[in-house]
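Remarks on the structure that follows.
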There are 2 protein chains.
Amino acid sequence: MTSLTDTFAALSDPTRLSLVEKLLTRGELPAGTLASEADISAPAISRHLKVLREAGVIQQRVQGTHRYYSVRPEALRTVNGWTMDHRAFWAGSLDRLDDLLALDPEGDDT
Amino acid sequence: MTSLTDTFAALSDPTRLSLVEKLLTRGELPAGTLASEADISAPAISRHLKVLREAGVIQQRVQGTHRYYSVRPEALRTVNGWTMDHRAFWAGSLDRLDDLLALDPEGDDT
DNA sequence: TCCTTAATTTGCGCAACAGTTAATTAACAG
DNA sequence: CTGTTAATTAACTGTTGCGCAAATTAAGGA
């Protein structure tokens with residue numbers, strides 16, 4: 001089992017979050033594509049992918065010499081679940097009324 | 001402005017996540033209470049609180065010699081917003097994802 | 001076999017992080 | 001002013017994280 005903090009740690013690096021966003025928007029991608037589009041070396045990307053995989057954020061599919069990566073839905077569900085556990089706290093607050101109304105225009109007694 | 005990765009980084013430490021959970025469930029608390037309940041020194045807690053504050057996760061209210069801390073709703077909204085941006089990817093059961101997304105709004109709990 | 005391509009692992013340097021104890025700042029009471 | 005309490009900052013130490021270049025593993029083609 002990977003903990004919630006492990007997931008947050010995996011997503012706390014800009015390079016890794018960028019990798020995850022790519023996989024989310026474009027689906028499964030090979031390591032080579034991810035590495036060639038990044039501005040750091042391939043070994044560095046490989047390490048980031050390993051961190052993400054060990055945190056349970058992404059999964060690997062091997063085909064020949066290629067390794068295809070994709071996001072594990074469970075990881076995002078876990079993060080979402082944590083925020084939802086405390087939804088009553090942040091959804092009902094008027095800390096930033098404008099943002100709240102922008103997210104949920106009919107959320108109050110209009 | 002604090003980035004999403006800064007928020008994730010702030011929440012990636014078990015001690016800090018624990019502090020945030022305490023503030024979420026019990027509301028505003030002074031630094032002393034948080035420090036006395038932790039198993040590490042007060043200075044260490046103080047630093048964690050500083051990290052959380054600089055990441056925009058918590059806020060501070062000063063009253064006399066006491067510093068009261070509480071969670072900023074905006075922080076949790078931001079995290080929730082990120083998961084919601086990719087909701088189509090992770091929501092629903094894996095094998096029925098496409099079907100679920102194709103269903104109309106009244107389809108899931110009747 | 002030999003060579004190329006894909007990707008990872010290794011070795012190394014450096015910066016950042018998390019913990020400690022000691023010192024400091026700040027508010028308040030006597 | 002002096003002392004007490006609350007909390008933070010300072011100084012130091014060990015560990016972890018991230019980058020690179022070089023070496024290594026693995027699959028496939030001539």
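Each chain gets a letter, A, B and so on, in the order its sequence line appears, and its residues count up from 1. Note: hydrogens, waters and symmetry copies are ignored here, and every other heavy atom, side chains too, is used.
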Atom pair distance, as rounded to whole Å: CZ in A/R47 and P in C/dT10: 9 Å

Partners passing side-chain hydrogen bond (donor to acceptor under 3.5 Å, both in side chains) against B/S70 (at least two apart in sequence or in another chain): B/Q59

By side-chain contact (heavy atoms from CB on, under 4.5 Å) - contacts of B/A31 (at least two apart): B/L49, B/Y69

Residue pairs, two or more places apart or on separate chains, that pass salt bridge (Lys or Arg N to Asp or Glu O under 4.0 Å) and touch residues 55-73 of chain A: A/E28-A/R61

Sequence-distant partners of A/S3, side-chain hydrogen bond (donor to acceptor under 3.5 Å, both in side chains), two or more places apart: A/T5, A/D6

Upstream residue (5' side of DNA chain D) when B/A42 and A/A44 are each assigned their closest nucleotide: B/A42

Interface with DNA chain C, restricted to residues 48-69 of chain A and to heavy atoms under 4.0 Å: A/K50, A/Q60, A/T65, A/H66, A/R67, A/Y69

By side-chain hydrogen bond (donor to acceptor under 3.5 Å, both in side chains) - contacts of A/N80 (at least two apart): B/T83

DNA chain C contacts among residues 23-34 of chain A, heavy-atom distance under 4.0 Å: A/P30, A/A31, A/G32

Contact boundaries on DNA chain D for chain A, cut-off under 4.0 Å to non-hydrogen atoms: D/dC18 to D/dG28

Spatial distance of atom CG (B/L17) from atom CG (B/L24) [nearest 0.5 Å]: 9.0 Å

Pairs involving residues 38-54 of chain A, ordered by first then second residue, that meet side-chain hydrogen bond (donor to acceptor under 3.5 Å, both in side chains) (sequence neighbours left out): A/R16-A/H48

Listed partners of B/E21 passing side-chain hydrogen bond (donor to acceptor under 3.5 Å, both in side chains), at least two apart: A/W82, A/H86

By side-chain contact (heavy atoms from CB on, under 4.5 Å) - contacts of A/A9 (at least two apart): B/S12

Sequence neighbours excluded, every pair satisfying ring pair (Phe, Tyr, Trp, His ring centres under 6.0 Å) that has a member inside residues 14-44 of chain B: none

Distance test, side-chain N/O of B/R16 to OP1/OP2 of C/dA18, below 4.0 Å: yes

